[in-house]
2 protein chains.
Amino acid sequence: MDRQQSGRNLTQQLVHVLGAAIANGRYRPGDGLPSEASLCDEHGISRSATREAIKMLTAKGLITSRPRQGIRVQPRARWNLFDPDVLGWILNASPSLEMLREFLQLRMAIEKEAAALAAADQDRQKVAAIGAALQQMKEAEEGLRDPVEADIAFHINILNATNNPFYVQLGSFIETALRVSIRFTNRIKGVETASYANHKKLFDAIDRGEILAARAASGAMQAEALALIEGELDRREIEGSVATA
Amino acid sequence: MDRQQSGRNLTQQLVHVLGAAIANGRYRPGDGLPSEASLCDEHGISRSATREAIKMLTAKGLITSRPRQGIRVQPRARWNLFDPDVLGWILNASPSLEMLREFLQLRMAIEKEAAALAAADQDRQKVAAIGAALQQMKEAEEGLRDPVEADIAFHINILNATNNPFYVQLGSFIETALRVSIRFTNRIKGVETASYANHKKLFDAIDRGEILAARAASGAMQAEALALIEGELDRREIEGSVATA
DNA sequence: GGCCCATTTATTTGTCATATTAATCGATTG
DNA sequence: CAATCGATTAATATGACAAATAAATGGGCC
């Protein structure tokens with residue numbers, strides 16, 4: 001294993017190599033990974049480093065290891081999907097439209113309520129942070145800033161403004177997934193074109209403490225994105241059946 | 001460290017000891033933990049086992065460790081709250097009413113949409129599993145079964161019936177939190193008394209594919225529980241201010 | 001004299017190598 | 001059929017050295 005690489009230590013490098021390999025299906029649930037000894041040989045590192053990597057993957061729910069049985073991949077239901085690393089490996093392995101839809105279905109739930117909670121809580125400082133991100137989105141429309149970063153910041157700041165640690169924690173989850181899915185949806189259509197107006201409407205509702213309006217505005221935005229994906233899924237299905245007919 | 005204890009190996013024992021200590025505030029964010037060497041001494045185990053425990057806690061986002069700086073507790077926003085271990089440590093450390101409310105605010109978001117998705121997806125086999133859990137709740141009312149287990153199974157099965165891996169994964173999260181919070185709310189009032197009727201209404205809506213009704217029924221149940229907690233919070237606040245007056 | 005920057009030093013984790021122990025699956029044998 | 005034995009694999013222990021880096025140190029400059 002390349003020792004100079006990427007500022008990460010050997011253990012972390014191996015964690016990412018194995019995590020990605022598991023996520024992309026090179027090792028499948030139920031399958032065994034190579035034994036500790038083999039992994040040491042394959043990557044040219046010591047047992048300590050190897051074992052520590054295995055322990056980290058175990059902690060994230062991807063594998064188990066027991067004497068005599070070796071190291072096995074856990075069923076996907078045991079993976080900690082909400083761990084940013086795990087999510088990143090999965091999304092980078094296969095950023096499918098199906099998974100994108102599933103992700104949006106979750107955002108639909110989370111962000112609608114988050115908007116409502118933020119509107120209810122009225123933490124002025126954190127609401128201001130949402131406004132700042134909105135301003136950056138406007139500047140991005142004029143080409144002065146990175147539109148992706150501004151968009152992400154907007155959504156993260158809403159979660160922060162709930163002052164609910166569970167929602168705040170979901171920020172890192174949504175950020176990871178958003179980076180992948182934005183790259184993905186931008187290929188389909190100009191998803192984020194008319195987005196500033198929508199985002200402003202949502203911000204105004206939160207700012208004024210209009211709980212129902214905030215929930216509705218958030219839901220509308222998510223529903224729009226979801227409809228786009230589901231339309232694309234339908235289209236591909238029809239194309240597929242025509243092609244095979 | 002007691003080597004015969006609890007079927008867990010030394011590393012896992014230390015993980016749980018330290019995880020619990022961090023969650024209950026013995027070590028606070030920003031603070032340093034004892035060095036590797038000290039931890040070995042304190043617990044009477046080798047450096048290998050100690051280091052592997054540290055790596056597992058690192059993987060869960062609770063700590064970082066760097067040469068010369070030592071081991072430090074991460075800010076809470078970095079903790080993987082959705083890791084069942086982490087959540088368990090936190091809830092067992094301080095099952096406060098505030099956190100219970102925050103948890104319910106999250107369930108409100110998740111389970112409402114999950115009910116809608118389950119109603120839309122109409123996976124007959126998984127809907128039947130919800131029905132089976134409901135039946136167990138009925139039997140539990142007559143004292144034939146454990147009411148807590150049946151209640152949990154009901155909610156988990158709705159998440160499974162979404163066929164969305166993100167919602168499915170949240171099952172283990174909600175299960176962990178539910179076990180604690182049920183123990184907690186039962187002390188306050190007979191929360192789960194009239195619950196069978198509510199649960200049946202929700203099940204029927206999912207079973208018939210009535211998306212809006214399913215979302216509404218789930219929302220109503222959650223809102224009821226939430227109102228109870230918030231009422232209790234208000235009551236205690238008033239009592240507190242009277243007491244200090 | 002006091003301040004800033006380069007250098008050194010000391011501490012702590014990172015990595016390696018090797019030996020031994022414990023758990024467990026499968027075969028063997030009474 | 002059951003108890004036992006053997007082989008395989010991870011679990012634990014130990015000791016050594018390397019690398020990273022925070023803090024102390026000292027030298028040069030204003």
Side-chain angles (χ1 to χ4, degrees), chain A residues 1-19 21-22 27 29-74 78 85, chain B residues 1-19 21-22 27 29-74 78 85:
Chain A
M1 181 163 294
D2 185 356
R3 311 179 98 68
Q4 308 310 326
Q5 174 188 320
S6 71
R8 289 205 282 241
N9 63 31
L10 292 180
T11 300
Q12 288 171 335
Q13 287 179 44
L14 184 55
V15 165
H16 279 265
V17 168
L18 292 180
I22 291 170
Y27 304 111
D31 278 12
L33 265 69
S35 68
E36 279 184 15
S38 312
L39 288 173
C40 296
D41 288 350
E42 287 173 24
H43 299 90
I45 60 178
S46 73
R47 264 194 82 195
S48 320
T50 304
R51 281 184 57 80
E52 284 166 18
I54 289 169
K55 289 298 177 186
M56 294 188 82
L57 291 171
T58 302
K60 290 173 184 299
L62 266 63
I63 58 178
T64 56
S65 76
R66 289 167 52 197
R68 172 76 216 213
Q69 187 187 64
I71 307 163
R72 302 175 89 108
V73 179
Q74 290 269 64
R78 304 290 293 274
D85 287 335
Chain B
M1 182 162 293
D2 184 355
R3 309 179 100 68
Q4 309 309 327
Q5 175 187 318
S6 71
R8 288 204 284 238
N9 63 32
L10 291 180
T11 300
Q12 288 171 334
Q13 288 179 44
L14 183 56
V15 165
H16 279 265
V17 168
L18 292 180
I22 292 170
Y27 304 111
D31 279 11
L33 265 69
S35 67
E36 282 183 13
S38 312
L39 289 172
C40 294
D41 288 349
E42 287 174 24
H43 300 90
I45 61 179
S46 72
R47 234 188 118 192
S48 324
T50 304
R51 279 183 58 82
E52 285 165 17
I54 288 168
K55 289 298 175 185
M56 294 188 81
L57 291 171
T58 302
K60 291 174 183 299
L62 266 64
I63 58 178
T64 55
S65 78
R66 289 168 52 198
R68 172 76 217 211
Q69 189 188 63
I71 306 163
R72 302 177 88 107
V73 179
Q74 290 270 64
R78 304 290 293 273
D85 286 335

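Below, read A as the first sequence line, B as the second, and so on, with proteins coming before strands; counting in each chain starts at 1.
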Taking only residues two or more places apart in sequence or in another chain, which ones pass side chain to side chain donor-acceptor pair (under 3.5 Å) with B:Gln74? none
Pairing residues for A:Ser35 by the side chain to side chain donor-acceptor pair (under 3.5 Å) criterion, not counting sequence neighbours: A:Ser38
Taking [atom1] from [X] and [atom2] from [N], how many angstroms apart are they, rounded to a whole number?
X       : N      : atom1 : atom2 : result
A:Gln12 : C:dT13 : CD    : C1'   : 12 Å
A:Arg8  : C:dT15 : CZ    : C1'   : 18 Å
A:Leu39 : D:dT9  : CG    : P     : 12 Å
A:Arg47 : C:dA19 : CZ    : C1'   : 10 Å
B:Arg72 : D:dT21 : CZ    : C1'   : 13 Å
A:Leu10 : C:dT13 : CG    : P     : 18 Å

Beyond-backbone contact of B:Val15 with B:Leu57, side-chain heavy atoms, under 4.5 angstrom: yes
Looking at OG1 of A:Thr64 and CD1 of A:Ile54, how far apart are the two atoms once the value is rounded to the nearest 0.5 Å? 11.0 Å
A:Ser48 side, atom OG; B:Glu52 side, atom CD - distance, nearest 0.5 Å: 8.0 Å
Under 4.0 Å from any atom of DNA chain D, heavy atoms only: list the residues of residues 64-71 of chain A that qualify, in numerical order. A:Ser65, A:Arg66, A:Pro67, A:Arg68, A:Gly70, A:Ile71
Neighbours of DNA chain D within residues 50-58 of chain B, by heavy-atom distance under 4.0 Å: none
Can you figure out which of D:dA11, D:dT12, C:dT15 approaches the side chain of A:Glu36 most closely? D:dA11
With salt bridge (charged side-chain N to carboxylate O under 4.0 Å, His left out) as the rule and sequence neighbours excluded, what pairs involving residues 55-64 of chain A come up? A:Lys60-A:Asp83, A:Lys60-A:Asp85
Salt bridge (charged side-chain N to carboxylate O under 4.0 Å, His left out) contacts in which one or both residues fall within residues 63-73 of chain A, not counting sequence neighbours: none
According to a strict under-4.0 Å criterion, is A:Ser48 in side-chain N/O contact with OP1 or OP2 of C:dA17? no
For B:Ser46 and D:dA13, is the shortest distance between a side-chain N/O and OP1 or OP2 below 4.0 Å? yes
